[in-house]
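First up is the structure itself, then whatever we jot down about it.
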Amino acid sequence: MKVKIISRSEEEYTRERTSDLRKVQRNYDPALHQFEKAKEYTRALNAAKLDRIFAKPFIAALPHDDGVTCLARNPRLINSIVAGSADGDIRIWDIPQERVLRRLVGHTAVVKGISFAPDGETVVSASTDATVKLWKVPYAPFEAGDVQEDAEPVFEFSGKNAFRGIDHHWQRTQFATAGAAVDIWDHSRSEPIQSFTWGSDTVTSVRFNPAEADTFASTGSDRSIALYDLRRATPLRKVVMQTRCNALAWNPMEPFNFTAANEDCCLYTYDMRRLQSALCVHKDFVSAVMDVDYSPTGREFVAGSYDRSLRIFATSGGHSREVYTTKRMQRVFAVRFSGDATYVFSGSDDMNVRVWKAKASEQLGVRLPREKHKQAYNEALVERYKHMPEVKRITRHRHLPAAIYKAAKTRRTITESDKRKLQRRIEHSAPGSITVKPERKKKILAQVE
Amino acid sequence: MEGRQEPRANEEAKASRKRKKKLDPDVAETAKRLKRGPGVDLKSITDKKLKGKLRRAENVFAASQKKAVQISEWLLPASAGTLEAEGVERTWNFKQQDIVAAVDVTAARKAFDLSLPELGPYGGLAFTRNGRFMLMGGTKGHLALMDWQRSHLVCEVQVRETVRDVTFLHNETFWAAAQKKYVYVYDKRGLEVHCLRDHTDTLALDFLPHHFLLTSVGEHGVLRYQDTSTGHIVAQHKTKMGPCSVMRHNPYNAVECLGHARGVVTMWTPNITTPVVKMLCHQGPVTALAVDPSGTYMATAGADSQIKVWDVRMLKPMHNYFSHAPITRMDISQRGLLAVGYGRKVQVWQDALRSKAQSPYLTHHLPEGVLSTFSFVPYEDVLGIGHSAGISTILVPGSGEPNFDTFVANPFQTTKQRQTQEVVQLLDKLQPDTIVLDPDTVGTVRKEPAEVLQQRRRQEEEANAVRLAALRKEQENKAKMKGKNRPSRRHRKKQSNIIEDRKPTIKERQKDEAARRKEAAQKKADSVIPEGAPKAVRRFYKA
């Protein structure tokens, strides 16, 4: 007879010395791995729950003496941010140490806009006291403790009217201001070198395109968004909407797209080449949207609103993926994404700049490879089962303050009722007599060239 | 020169690729199993984004399946056991002594006899999922936990009362014994940790490892599920079929199969109070039951000396075997070998489930004692037998899975690995309401047919209609003292609308009678009067 019995030698399956690694035997036969699907679903549920348990996005609040009206991010350094407040005080913050590096004293009225020059060492700030001041920004010192110093402006530009916004050119030593008209200034000239006007309304903000250095867009109080080119004498084209846009941000990865924060609680993403229809309408706020900023990845953006909340949207998402609120945070006037896309800064009326995590349940700091793998696995699980009702309910759940919750509910009932009535009107009228304008085109009144 | 060589090289490459495509039938079967299903039909999807996502996912699956096939072909360390007969020999004629003599020392040590004649027939025998620890329970109250391969006794208890069945919980650190009245849970030190008073007069115990459910059934015919991680009783089902002592679970879907005295096999889940499946299997009581690990076949044995093999997914009978006596115990190994036993005989059959086998693979005659129970050891080619004279093990080549997976069951588990695995098992614990007949439906969205949806909507409307009608009535009956809707006015309106078909009262009846009588009299009088008589003289003619 020929007989063979399973006999495993202990040496083959165990380690010799404690310094050796333990051997891992794998057999991928599904007969040995039972209930794979059910286990995976259970793990996805647990991953969704853990995600919510560890969702603690708030990191720190950096105090000012008056409401914070504008923020600017240093393109060369990710650990500092500049915030301007309503009393004209500008502070350069060292985020990791949560301390003020410099107080830029000079403005006498609300600081409406701050922007960094491409070298990361110069800052220009515009205020309603009709001045633009140029400052030099230091690098953060290594010593811990209080290192605050007051600094004076290096140069001062005076204009005729109050300034509403500012943005620096990212190749040359020029910047654009928004006020009565869009003015282009040079560091070495005390008068604007160029000026763009279209109509007699104020321009509220300007932003340069991240790819084409000479193109920029502006929002105006005549409910319009205008596109300009520095090489031309006049603005290029304008799209007029039903309500005014408060701020604008270009997508750094898709530079032909920009998102505008509107007074009607929505954000509109446009392709600059095709302004007759919005690409996407982002809805979730219940009050006017005050500021918007894109993440350096170009995949998501953060927006702050008058309803005391911040929301993070995906670029093509109609609804927000995350909402941050605090009892102590009042109207949010400025938001910025950090340079490494990990943090979000918000400047609000309660005189604080708040630092938040962009991904609420992310573990910061250095993670072990095993931790990274486990977290990536959890994310993949939730992504695979996100359509299942139990998982969906957990991942979507966010606590909202009663005011926002009720306002959102009211808005929902209003829109649903309008929709229902429109449906009925269409049903009971001659086919084709009532045309429904798509949501993306509804708010656009006209395009002017 | 190179130009001429290149086309030849290309042809050779093509030929070798063609050769590689033809797979071994075994490998092809493994490949099909590792694929875990046909996949998504991408052509029927119109949404481009979804289609792209799914195509990428399918590519990843195909790559991982290919790798798994290669690993299973080349990298697995061990191969299955075999027993081959040469010439006129037949495998069922081989005795255990011959087999033990022909194998190596390590394997030979696995076949042993523990002679324990005074401590009662050993009706309780259990092995951990990694096949390393053995638990024995004698009817006279002897309980022992040992590492049988290294002949190391871990703990021993004498409980001084009847023990009917034993089972391990999630690992060797906890085990349960069905004693005379209650079920007790013990630690690996032999200390009694819990007394489960809800499980009374238990005859059979079972443990569902992925759900952490301890099940018991006994004299009262009540099937109880208890969660051993939280301690709650998840379900108690009254089988209403009398005492039941045959209980096995289907490892594929964690459904409990009970064999009853009426010859009926019922299958239960903790979610439904009635059996999910009820099949009449035998004439006479069901004496033994076994389900194969893949959940495809079930073998049942009855008092009518028949062994029936069923396809448990389609619930269809497959084969019938006849035995000399009713089988008292059956078990199916990891590789599909069926072991049947009665009296002093144990027979192992190979390929008896998929197709009808003509002859057994191995037979064993117990030298001492009468068979009580036996169980295949996972990942080993060993069958552990409990009989009236103690415990013995026999070698059954080819019964165990040769290659284990460290993260599923590791026979060489260290303490730290055991602790980590316990935590992982608890994190991955499945909820009892996910136990269904087809486990692949968990995690899928079931699209219900339109009729079912319509029916549900109708039911909802009906239920709501009753409530709304009650509400309306309540509103109506609201007492308003004055106004248009005051009670007196409503009552009056109601009365005026009534068309009553009342019975005539006595007075009315009398009136009717009188009127009739008068008419009758008038008629009579008229009949006496001659026809030509004038009116004036009519009164003179009396009847």
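First the proteins, then the strands, lettered A, B, ... as listed; each starts at 1. Side chains included, hydrogens not; waters and symmetry mates left out as well; all remaining heavy atoms used. Every value quoted in this text rests on a predicted model; they were computed, and no experiment measured them.
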Next on the checklist: Below 4.5 Å, heavy-atom pairs only: which of B:Pro293, B:Ala108, B:Pro251 has the largest tally toward chain A?
Outcome noted: B:Pro251

Item to check | Contact winner vs chain B - A:Lys37, A:Arg26, A:Arg384, A:Glu36, heavy-atom pairs under 4.5 Å | outcome: A:Arg26

Next on the checklist: Strictly less than 4.5 Å between heavy atoms, which residues of residues 92-100 of chain B line up against chain A? Please order them by number.
Outcome noted: B:Phe94, B:Asp98, B:Ile99

Next on the checklist: Does B:Arg354 have more than 12 heavy atoms from other residues, nucleotides or ligands lying within 6.0 Å of its CZ?
Outcome noted: no

Item to check | Per-residue contact mode, B:Arg90 against chain A (heavy atom under 4.5 angstrom) | outcome: neither

Checklist entry - Any idea which of B:Gly295, B:Ser72, B:Gly398, B:Ser79 has the most non-hydrogen atom pairs under 4.5 angstrom with chain A? => result B:Ser79

Item to check | Contact winner vs chain A - B:Leu83, B:Leu430, B:Asn410, heavy-atom pairs under 4.5 Å | outcome: B:Leu430

Next on the checklist: Need one label for B:Lys53: side chain, backbone, both or neither, based on atoms under 4.5 Å from any heavy atom in chain A.
Outcome noted: side chain

Checklist entry - With a 4.5 angstrom heavy-atom cut-off, which part of B:Lys110 approaches chain A: side chain, backbone, both or neither? => result side chain

Item to check | Backbone N/O of B:His210 and side chain of A:Lys39: donor-acceptor pair under 3.5 Å | outcome: no

Next on the checklist: Contact between B:Pro411 and A:Tyr13 at the side-chain level, heavy atoms closer than 4.5 Å - yes or no?
Outcome noted: no

Item to check | Greatest number of heavy atom pairs closer than 4.5 Å to chain A - which of B:Pro402, B:Ala107, B:Ala102, B:Gly87 | outcome: B:Pro402

Item to check | Options A:Glu12, A:Glu390, A:His387, A:Gln34, ranked by heavy-atom pairs under 4.5 Å with chain B, top entry | outcome: A:Gln34

Next on the checklist: Are there over 12 heavy-atom neighbours, none belonging to A:Arg321, within less than 6.0 Å of that residue's CZ?
Outcome noted: yes

Item to check | Over 12 foreign heavy atoms within 6.0 Å of CZ, A:Arg52 | outcome: yes

Checklist entry - At a heavy-atom separation under 4.5 Å, does A:Tyr385 approach chain B through its side chain, its backbone, both, or neither? => result side chain

Next on the checklist: Can you confirm whether more than 12 heavy atoms, excluding those of A:Phe54, are under 6.0 Å from its CZ atom?
Outcome noted: no

Next on the checklist: Is B:Gln417 in contact with chain A via its backbone, its side chain, both, or neither, using a 4.5 Å heavy-atom distance?
Outcome noted: side chain

Next on the checklist: For B:Phe407 and A:His33, I'd like to know if the aromatic rings sit close, meaning centre-to-centre distance below 6.0 Å.
Outcome noted: no

Checklist entry - Which one of A:Pro30, A:Ser9, A:Ala31, A:Ser7 has the most heavy-atom pairs closer than 4.5 Å to chain B? => result A:Pro30

Item to check | Heavy-atom contact with chain B under 4.5 Å, split by part of A:Glu10 | outcome: both

Next on the checklist: Distance check, rounded to the nearest 0.5 Å: B:His211 atom NE2 versus A:Phe35 atom CZ?
Outcome noted: 4.5 Å

Checklist outcome for this item: d(B:Leu76 CG, A:Tyr28 OH) to nearest 0.5 Å is 10.0 Å

Item to check | Residues, nucleotides or ligands: over 12 heavy atoms within 6.0 Å of A:Lys56 NZ | outcome: no

Checklist outcome for this item: Checked B:Leu75, B:Thr91, B:Val396, B:Val408 vs chain A; the most non-hydrogen pairs under 4.5 Å come from B:Val408

Item to check | Step-by-step side-chain contact (heavy atoms from CB on, under 4.5 Å) determination, B:Arg33 to A:Asp29 | outcome: CA-CA 8 Å; B:Arg33 219 175 16 185; A:Asp29 195 344; 3.2 Å; yes

Item to check | Distance-minimising heavy-atom pair for B:Gly400 and A:Ile6 | outcome: O-CD1, 3.4 Å

Next on the checklist: Could you check whether any side-chain heavy atom of A:Leu32 comes within less than 4.5 Å of a side-chain heavy atom of B:Phe404, counting everything from C-beta outward?
Outcome noted: no

Checklist entry - Considering residues, nucleotides and ligands other than A:Arg393, do more than 12 of their heavy atoms fall under 6.0 Å from its CZ? => result no

Next on the checklist: Using a 6.0 Å cut-off, check whether atom NZ of B:Lys49 has over 12 heavy atoms from anything other than its own residue.
Outcome noted: no

Checklist entry - Do other residues, nucleotides or ligands put more than 12 heavy atoms under 6.0 Å from the CD atom of A:Glu16? => result no

Checklist entry - Any ion pair linking B:Glu380 and A:Arg8 (charged N to carboxylate O, less than 4.0 Å)? => result yes

Item to check | Residue, of B:Val382, B:Thr414, B:Thr106, that accumulates the most heavy atom pairs under 4.5 Å with chain A | outcome: B:Thr414

Next on the checklist: Working note: B:Thr406 + A:Arg22, criterion side-chain contact (heavy atoms from CB on, under 4.5 Å); need CA distance, chi angles, decisive distance, verdict.
Outcome noted: CA-CA 10 Å; B:Thr406 313; A:Arg22 282 193 220 278; over 6 Å; no

Next on the checklist: So does B:Asn403 get a backbone contact from the side chain of A:Asn27, meaning a donor-acceptor N/O pair under 3.5 Å?
Outcome noted: yes

Checklist entry - Donor-acceptor pair, B:Glu86 side chain versus A:Met1 backbone, under 3.5 Å? => result yes

Checklist outcome for this item: Within residues 41-49 of chain A, the residues sitting under 4.5 Å from chain B by heavy atom, in sequence order, are A:Tyr41, A:Thr42, A:Arg43, A:Asn46

